[in-house]
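Quick notes on the structure that follows.
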Number of protein chains: 2
Amino acid sequence: MTQTGEAENTPQTGVERQQRRKPGLERLLATADELLYAEGIQQTGVQRILEQSNVARGTLYGNFGGKDDLIAAYLQRRHTHTLAAVTTAIEHAHSDDPADVFDALLDVGESRSQQGSFRGCAFALAVAEMPAADGPAAHWARTHKTAIKALLKQALTGRVAVPERTAESLMVLYDGALLSAALRPGEDSFEAARAAGRLLITTALLPPDPAPGS
Amino acid sequence: MTQTGEAENTPQTGVERQQRRKPGLERLLATADELLYAEGIQQTGVQRILEQSNVARGTLYGNFGGKDDLIAAYLQRRHTHTLAAVTTAIEHAHSDDPADVFDALLDVGESRSQQGSFRGCAFALAVAEMPAADGPAAHWARTHKTAIKALLKQALTGRVAVPERTAESLMVLYDGALLSAALRPGEDSFEAARAAGRLLITTALLPPDPAPGS
DNA sequence: CTTTAAGTAGACCGACTGTTCTAGTGAGGA
DNA sequence: TCCTCACTAGAACAGTCGGTCTACTTAAAG
């Protein structure tokens, strides 16, 4: 079926087919992302996603195996988009001060926390709703957090040496700020995380008088 | 009905009635606490709670208005128990070093994280499953976190002066450690939080030699 | 025009869900 | 003994859920 080899003169068959499929699919994915995050995965019924995205029921089950597949796509999408945003934010902060790297990471979180639908880290929410330790939520949460930690560590390592424990402390501050902002809005958790992170970086990574080994 | 004033010679009527009601109710509350936390609030059906606690359907709806009421009782119970555990742990750590106070708080979290059913902070999980900003989950989460922060601040203030921002940084570390331990098990997030907290306390609250220009 | 394929609209199904209700049980107090 | 009251066991109910299926439309390709 796939190698009948007769439509080689129309090179858009493969790619264009997905392009044509995109509009409806993209609407579906966008509203799924919005609703699954803002109103919860279990709380959001398939019907609500279909209505808000103006997509027919058959389209969903034609493109995805079911709701579980749509959830997995939602998580992957979140991972890709958030990681891209963090990457550009960190790359954009190319000052000499390593603390600016951590600030850039927190800025991404803080700007998101100022949107009305903010409820905290999407992966923490997903794991809370899908307890299975071997399920997609746990998988993507681990993947995402590990990737962000690696990104942060790499960006800092370009400037100073970063012990593993310090990197973990910064991750704890990042996740804690996201969670605290969700649970206790109006408490300036991001600023508190920034202050702690800056102290951690300036004292643990940049001793005031550089020892001979640096 | 309530003031017929004839059974004053049996003073156990009021209290004992609740005592007699306790066994079944306590079984119900204990298994509800266990299941709602470990398997999720929405995921756990009423029937499963009833079966595992060996309690009849009528008992639930006789003592509670419904599942929502049971959930509220679960959250209140978690708040009371956790707050008590944290209180005794902090009181028990009556050394001179203020960092020991924060260590005691983290010890409570870490010991819970070593139980098999650990999934992170129960209130963060509840809020994730019940997005309503004015619902019981958001209420108890705010109440609980605020209480713990106040407890921590008070215990530290007994030893050193504690700026608001530093207290918030410590809360971010605490919540972040609980969340990180849930999302990335085996990463020693508590030790990282302890290190960051100790640094924060010893430098921000106890400057070794108060330099004029620091 | 015919074919192929994707999308739409909506009825429909089985499997749950939380909740109510009825009938019966067993212990303690009057 | 009678009565009360908490509890048990289980049927039954309305509602919602995810998922399947059918009939129709649209549009590009031959």
Side-chain angles (χ1 to χ4, degrees), chain A residues 1-2 4-29 31-32 35-36 39-74 129-130, chain B residues 1-2 4-29 31-32 35-36 39-74 129-130:
Chain A
M1 286 288 191
T2 55
T4 38
E6 48 167 322
E8 249 64 63
N9 49 357
T10 61
Q12 81 273 22
T13 1
V15 183
E16 270 289 347
R17 190 174 299 171
Q18 290 188 352
Q19 291 288 358
R20 251 192 299 120
R21 193 186 290 166
K22 242 190 164 185
L25 224 181
E26 192 53 37
R27 260 182 299 152
L28 188 63
L29 276 174
T31 47
L35 288 179
L36 291 180
E39 307 192 0
I41 293 176
Q42 315 269 6
Q43 205 77 219
T44 305
V46 165
Q47 193 162 349
R48 207 155 138 38
I49 301 178
L50 296 175
E51 284 170 359
Q52 184 153 332
S53 59
N54 281 321
V55 157
R57 228 172 166 74
T59 304
L60 197 168
Y61 290 97
N63 287 104
F64 300 94
K67 194 191 182 187
D68 290 348
D69 256 33
L70 183 61
I71 293 171
Y74 152 68
E129 296 198 68
M130 304 174 69
Chain B
M1 287 288 188
T2 54
T4 38
E6 47 165 322
E8 251 62 65
N9 49 359
T10 61
Q12 80 272 22
T13 1
V15 184
E16 271 289 347
R17 189 174 300 172
Q18 292 189 350
Q19 290 289 357
R20 251 193 299 123
R21 194 186 290 169
K22 240 190 165 185
L25 225 183
E26 191 53 38
R27 259 181 301 152
L28 188 62
L29 277 174
T31 48
L35 289 179
L36 292 180
E39 307 193 0
I41 293 177
Q42 315 269 7
Q43 204 76 220
T44 305
V46 164
Q47 191 161 349
R48 201 150 143 42
I49 300 178
L50 295 175
E51 285 171 357
Q52 184 152 332
S53 59
N54 282 322
V55 157
R57 237 174 162 74
T59 304
L60 196 167
Y61 291 95
N63 286 105
F64 301 93
K67 194 192 181 185
D68 291 348
D69 255 35
L70 183 61
I71 293 171
Y74 152 67
E129 295 196 69
M130 304 172 69

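Below, chains carry the letters A, B, ... as their sequence lines are ordered, and counting in each starts from 1. Source: prediction; values computed, not measured.
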Legend entry - 5' priority, DNA chain D, between B:S53 and A:I41 [closest heavy atom]: B:S53
Legend entry - Heavy-atom side-chain proximity of B:I49 to B:V55 below 4.5 angstrom: no
Inset, instruction - Send over the distance from B:L50 CG to C:dT17 C1', rounded to a whole Å. - result: 13 Å
Inset, instruction - List the atom of A:T31, the atom of A:S53, and the distance in Å for their closest heavy-atom pair. - result: OG1-CB, 2.9 Å
Legend entry - Spacing of B:N63 atom CG relative to D:dT8 atom P, expressed in whole Å: 10 Å
Legend entry - Residues that A:A73 engages under side chain to side chain contact (heavy atoms under 4.5 Å, CB included), provided they are two or more places apart: A:L29, A:F64
Legend entry - Atom-pair distance (CZ on A:F64; C1' on C:dA6), nearest Å: 15 Å
Inset, instruction - Measure from CG on B:L25 to P on D:dC7 and round the result to the nearest Å. - result: 7 Å
Inset, instruction - Using whole Å, report how far CD1 of B:I71 lies from P of C:dT17. - result: 14 Å
Polar atom pairs (N or O), protein with nucleotides 8-13 of chain C, under 3.5 Å:
unit_1, atom_1, unit_2, atom_2, d
C:dT8, OP2, A:A56, N, 3.2
C:dT8, OP2, A:T59, OG1, 2.7

Legend entry - Whole angstrom value for the distance that separates P of D:dT22 from OH of A:Y61: 17 Å
Collect all protein-nucleotide pairs involving nucleotides 24-26 of chain D in which both atoms are nitrogen or oxygen and the distance is under 3.5 Å.
none

Inset, instruction - Could you pull out the closest heavy-atom pair between A:A56 and A:L50, with the gap in Å? - result: O-CD2, 3.8 Å
Legend entry - Value in whole Å for how far the P atom of C:dG7 lies from CG of A:L60: 11 Å
Legend entry - Side-chain touch B:L28/B:N63, heavy atoms, less than 4.5 angstrom: no
Polar-atom pairs under 3.5 Å, protein N or O versus N or O of nucleotides 13-17 of chain D: list them with distances, or write none.
none

Inset, instruction - Figure out the CG/P separation between A:L28 and C:dG7, and round it to whole Å. - result: 10 Å
Side-chain donor-acceptor pairs of residues 39-47 of chain B under 3.5 Å, sequence neighbours excluded:
unit_1, atom_1, unit_2, atom_2, d
B:E39, OE1, B:R48, NE, 3.2
B:E39, OE1, B:R48, NH2, 3.3
B:E39, OE2, B:R48, NH2, 2.7
B:Q42, NE2, B:E129, O, 2.8
B:T44, OG1, B:L35, O, 3.4
B:T44, OG1, B:G40, O, 2.6

